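Worksheet: one structure, shown below.
The structure displayed is predicted, hence computed values, not measured ones. Side-chain atoms are counted along with the backbone in the values below, which use heavy atoms only and exclude waters and symmetry mates. First the proteins, then the strands, lettered A, B, ... as listed; each starts at 1.
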There are 2 protein chains.
Amino acid sequence: MNSQAEPLCEEPHSHRRDTRKPGVDEAALGRAAELFAALGDPPRLRLLALLAQGPACVSDLAEDEQEGMSTISQRLKVLRSASLVRRRRQGKHVIYALADQHVVDLVFNALAHASEAQVVGESKE
Amino acid sequence: MNSQAEPLCEEPHSHRRDTRKPGVDEAALGRAAELFAALGDPPRLRLLALLAQGPACVSDLAEDEQEGMSTISQRLKVLRSASLVRRRRQGKHVIYALADQHVVDLVFNALAHASEAQVVGESKE
DNA sequence: TCATCATTTCAATAATCGTTCAACCAATGA
DNA sequence: TCATTGGTTGAACGATTATTGAAATGATGA
């Protein structure tokens with residue numbers, strides 16, 4: 001798995017002493033990663049942006065997105081298992097909404113931050 | 001692409017009138033999604049958590065993670081193209097660090113939030 | 001009960017993503 | 001200049017993931 005042999009850094013370089021903390025909580029890290037991963041897909045994030053305008057049922061979302069209900073349902077499933085959205089039944093319909101204010105803020109902040117930040121000398125490196 | 005025919009919702013249901021705003025800025029949404037996607041992988045997020053403790057060169061990160069340098073370098077590449085980390089040369093070494101305080105906060109908040117939130121009646125549904 | 005509408009699940013396919021090794025590039029010191 | 005060390009890149013492979021239509025589930029009203 002590790003390709004290079006032992007003698008990597010016998011002599012310490014100028015930066016960094018070995019003050020690394022033992023380990024980050026792996027379980028928490030996994031949950032955080034799952035949450036980010038759910039957000040990290042344009043179609044799913046668009047769905048959240050849509051829901052940030054208010055609750056909606058699957059068929060309405062499907063129409064808004066011009067996609068099949070199956071597709072939307074699958075996307076919502078991912079968002080739901082990351083606890084980003086909640087659902088309730090209303091007659092024949094299932095209404096989805098952002099899980100809480102925390103998620104609302106997260107979505108708005110992400111979009112706001114991504115709306116600035118370009119053009120301003122951020123060309124390539 | 002869309003499987004069902006026209007007559008989906010001729011009669012409006014009780015919820016939601018068609019007050020949807022025309023469209024979210026697709027470019028911003030794409031950048032936000034790319035950022036989240038970069039964060040949405042445990043090994044990459046662990047790397048950021050490591051860098052949250054201070055800058056480090058690739059070989060040190062590789063040793064900490066017990067992985068090959070190539071692997072670490074590829075992960076850093078993803079983080080870098082999402083503007084999450086910056087790099088500078090120091091002699092033979094390339095030192096990576098979190099891009100700015102904003103990213104530091106993001107990482108800490110994500111881990112903090114993911115550290116709570118379980119066990120508290122959040123079993124499955 | 002049956003028929004219908006809204007939604008979910010299943011399974012297959014396609015597309016994307018992460019890891020790895022080998023080759024390559026960059027900086028240093030002899 | 002060459003040899004060495006640190007880092008990156010490219011390509012191939014395996015593993016995940018998203019999408020889709022078809023079949024199954026749930027709720028409603030006749």
Side-chain angles (χ1 to χ4, degrees), chain A residues 1-16 30 33-34 36-47 55-63 65-82 85 87-96 125, chain B residues 1-16 30 33-34 36-47 55-63 65-82 85 87-96 125:
Chain A
M1 194 174 249
N2 220 332
S3 48
Q4 78 282 44
E6 267 297 306
L8 228 191
C9 286
E10 212 61 37
E11 301 213 45
H13 4 102
S14 52
H15 57 277
R16 191 161 98 119
E34 188 194 352
F36 284 134
L39 291 161
D41 176 64
R44 268 186 320 249
L45 193 51
R46 204 182 308 120
L47 218 42
C57 72
V58 180
S59 4
D60 286 341
L61 292 169
E63 201 196 348
E65 296 286 74
Q66 290 285 279
E67 299 266 13
M69 281 196 298
S70 179
T71 303
I72 301 298
S73 187
Q74 298 276 23
R75 288 177 190 163
L76 288 168
K77 186 183 189 170
V78 174
L79 295 174
R80 205 163 78 92
S81 80
V85 301
R87 65 174 173 183
R88 69 188 135 92
R89 251 193 188 277
Q90 188 169 110
K92 291 189 212 174
H93 296 265
V94 176
I95 313 289
Y96 281 83
E125 148 80 359
Chain B
M1 196 174 244
N2 221 333
S3 49
Q4 78 283 45
E6 266 296 306
L8 228 191
C9 286
E10 213 59 39
E11 301 212 44
H13 6 102
S14 51
H15 57 277
R16 190 161 98 125
E34 189 195 351
F36 284 133
L39 291 161
D41 176 63
R44 271 189 314 253
L45 194 51
R46 205 181 309 122
L47 217 41
C57 71
V58 180
S59 3
D60 287 341
L61 293 170
E63 201 196 347
E65 296 286 71
Q66 290 285 279
E67 299 267 14
M69 280 197 298
S70 178
T71 302
I72 300 299
S73 187
Q74 297 276 20
R75 289 177 190 163
L76 289 168
K77 187 183 189 172
V78 174
L79 296 174
R80 206 163 78 91
S81 82
V85 301
R87 67 173 173 184
R88 71 189 132 92
R89 246 191 193 280
Q90 189 169 113
K92 288 191 216 176
H93 295 267
V94 176
I95 313 289
Y96 281 83
E125 158 98 355

- Item | B:Leu79 CG - D:dT8 C1' separation (whole Å) | 15 Å

- Query: Atom NZ of A:Lys92 and atom P of D:dG29: how far apart are they, to the nearest Å?
  - Reply: 7 Å

- Task: Find the distance B:Leu76:CG to C:dG18:C1' and express it as a whole number of Å.
- Result: 14 Å

- Message: Test your reading of the model: is there a side-chain donor-acceptor pair from A:Arg87 to the backbone of A:Val94, 3.5 Å cut-off?
- Response: no

- Task: Please tell me if the side chains of B:Leu76 and B:Leu61 come closer than 4.5 Å, counting only heavy atoms from C-beta onward.
- Result: yes

- Task: Would you mind telling me which residue lines up with the more 5' stretch of DNA chain C, B:Ala37 or A:Val94, judged by nearest nucleotide?
- Result: A:Val94

- Find the distance B:Leu47:CG to C:dG18:C1' and express it as a whole number of Å. 14 Å

- Item | Side-chain heavy-atom pair B:Pro43, B:Glu67 within 4.5 angstrom cut-off | no

- Using a cut-off of less than 4.0 Å, is there contact between a side-chain N or O of B:Tyr96 and OP1 or OP2 of D:dT8? yes

- Task: Assess whether side-chain contact (heavy atoms from CB on, under 4.5 Å) is satisfied between A:Ile72 and A:Arg75, documenting all intermediate values.
- Result: CA-CA 5 Å; A:Ile72 301 298; A:Arg75 288 177 190 163; 4.0 Å; yes

- Query: Which residue lies toward the 5' end of DNA chain D, A:Gly91 or A:Thr71, if each is placed at its nearest nucleotide?
  - Reply: A:Thr71

Pairs under 3.5 Å (N/O, protein and nucleotides 9-13 of chain C):
residue	atom	partner	partner atom	Å
C:dT9	O4	A:Ser70	OG	2.9
C:dC10	N4	A:Gln74	NE2	2.8

- Item | Interatomic distance, B:Ile95 CD1 vs C:dA27 P [rounded to whole Å] | 14 Å

- Message: Please check: side-chain N/O of B:Glu65 versus main-chain N/O of B:Ala62, any donor-acceptor pairing under 3.5 Å?
- Response: no

- B:Ser59 vs D:dG6: side-chain N/O to OP1/OP2 distance below 4.0 Å: no

- Message: Can you confirm whether B:Glu34 sits close enough to B:Ser81 that some side-chain heavy atom of one is under 4.5 Å from a side-chain heavy atom of the other?
- Response: yes

- Query: Taking OP1 and OP2 of C:dT7, is either one under 4.0 Å from a side-chain nitrogen or oxygen of A:Arg89?
  - Reply: no

- Task: Whole angstrom is fine here: how far is it from CD in A:Glu63 over to P in C:dT7?
- Result: 12 Å

- Task: Report the distance from atom CE of A:Met69 to atom P of C:dC5, rounded to the nearest whole Å.
- Result: 11 Å

- Query: Taking all atoms of both residues into account, what is the closest heavy-atom pair of B:Cys57 and B:Ile95, and its distance?
  - Reply: CB-CD1, 3.9 Å

- Examine D:dG7: is either OP1 or OP2 under 4.0 Å from a nitrogen or oxygen in the side chain of B:His93? Give yes or no. yes

- Can you tell me how far C1' of C:dC21 sits from CD of B:Glu67, to the nearest Å? 14 Å

- Closer than 4.0 Å, any side-chain N/O of B:Arg75 to the OP1 or OP2 of C:dT19? yes

